[in-house]
Amino acid sequence: MMQTDVKSTHLNASGVVFAGRCRVKGYQIAPSGSAGQIDFYDNATTNSGTVNLSVDTTTNTAIISTTIPGEGILFLNGVYVNLPASTKITVFYA
């Protein structure tokens, strides 16, 4: 099994997690209390192109913490996360 260093990026609004090839290993979401959808784009600059992961949020404000199984999800071009208003996220990647 290969050991890799995991990094993280915290966002308070939509934005770039990492501008290069990486694997998303997990995330922790602080929902705003409004239902919405979080999209992870295979793109290093904007919310367009291929969506590799979508996560729904509900009106619950409890922290959502998820580890992605296996080697994670491969993003070839970088990761851009589109967040609903007032939602916060920390993304773990390698």
Side-chain angles (χ1 to χ4, degrees):
M1 179 187 240
M2 184 150 107
Q3 180 73 25
T4 41
D5 294 329
V6 175
K7 299 168 186 71
S8 67
T9 298
H10 180 77
L11 299 173
N12 291 316
S14 297
V16 176
V17 171
F18 183 72
R21 179 186 164 107
C22 66
R23 291 183 178 273
V24 171
K25 307 291 245 168
Y27 53 84
Q28 189 172 56
I29 301 167
S32 65
S34 297
Q37 180 174 310
I38 299 171
D39 292 319
F40 292 69
Y41 288 87
D42 189 353
N43 192 321
T45 58
T46 188
N47 60 335
S48 66
T50 302
V51 175
N52 283 2
L53 175 65
S54 289
V55 178
D56 292 325
T57 61
T58 66
T59 55
N60 190 335
T61 58
I63 299 294
I64 301 165
S65 188
T66 302
T67 301
I68 297 172
E71 297 299 318
I73 299 172
L74 177 62
F75 287 76
L76 296 173
N77 303 301
V79 183
Y80 184 97
V81 175
N82 192 42
L83 295 172
S86 301
T87 298
K88 299 168 180 60
I89 192 168
T90 300
V91 179
F92 303 96
Y93 63 94

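Just so it is clear, the model here is predicted, and its values are computed rather than measured.
For the atom pair NZ (K25) and OG1 (T66), the distance works out to 15.0 Å, reported to the nearest 0.5 Å.
Nearest heavy-atom pair, D42 versus N77, reported as atom, atom and distance to 0.1 Å: OD1-N, 2.7 Å. Taking every heavy atom of both residues into account, A44 and A19 meet most closely at CB-CA, 3.7 Å. Across A35 and T59, no two heavy atoms sit closer than the pair N-CG2, 4.0 Å. Considering every non-hydrogen atom in both N60 and P31, the closest pair reads O-CB, 3.5 Å.
V17 and V51 end up in different hydrophobic clusters when Ile, Leu, Val, Met, Phe, Trp and Tyr side chains are linked at under 4.5 Å. F75 and L11 fall within a single hydrophobic cluster, where Ile, Leu, Val, Met, Phe, Trp and Tyr side chains are chained together by heavy-atom contacts under 4.5 Å. The cluster map of Ile, Leu, Val, Met, Phe, Trp and Tyr, joined by side-chain heavy atoms under 4.5 Å apart, puts I64 and L53 in the same cluster.
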What side-chain donor-acceptor pairs closer than 3.5 Å can you find for residues 80-94, not counting sequence neighbours?
residue	atom	partner	partner atom	Å
N82	OD1	S14	OG	3.0
T90	OG1	H10	ND1	2.8

- Chi angles and distances behind the side-chain contact (heavy atoms from CB on, under 4.5 Å) call for D56, Q37: CA-CA 4 Å; D56 292 325; Q37 180 174 310; 3.7 Å; yes
- Item | Stepwise side-chain contact (heavy atoms from CB on, under 4.5 Å) test for N47 and D39 | CA-CA 8 Å; N47 60 335; D39 292 319; over 6 Å; no
- Task: List the steps, then state whether side-chain contact (heavy atoms from CB on, under 4.5 Å) holds for F18 with T9.
- Result: CA-CA 8 Å; F18 183 72; T9 298; 5.6 Å; no
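The ring pair (Phe, Tyr, Trp, His ring centres under 6.0 Å) contacts involving residues 22-67 comprise Y27-F40, where partners must be two or more places apart or lie in separate chains.
A donor and an acceptor atom, one from each side chain of N52 and T50, are nowhere located under 3.5 Å apart.
The backbone N or O of G36 sits less than 3.5 Å from a side-chain atom of T57, completing a donor-acceptor pair.
Side-chain contact between R23 and L74 is present, with heavy atoms from C-beta onward closer than 4.5 Å.
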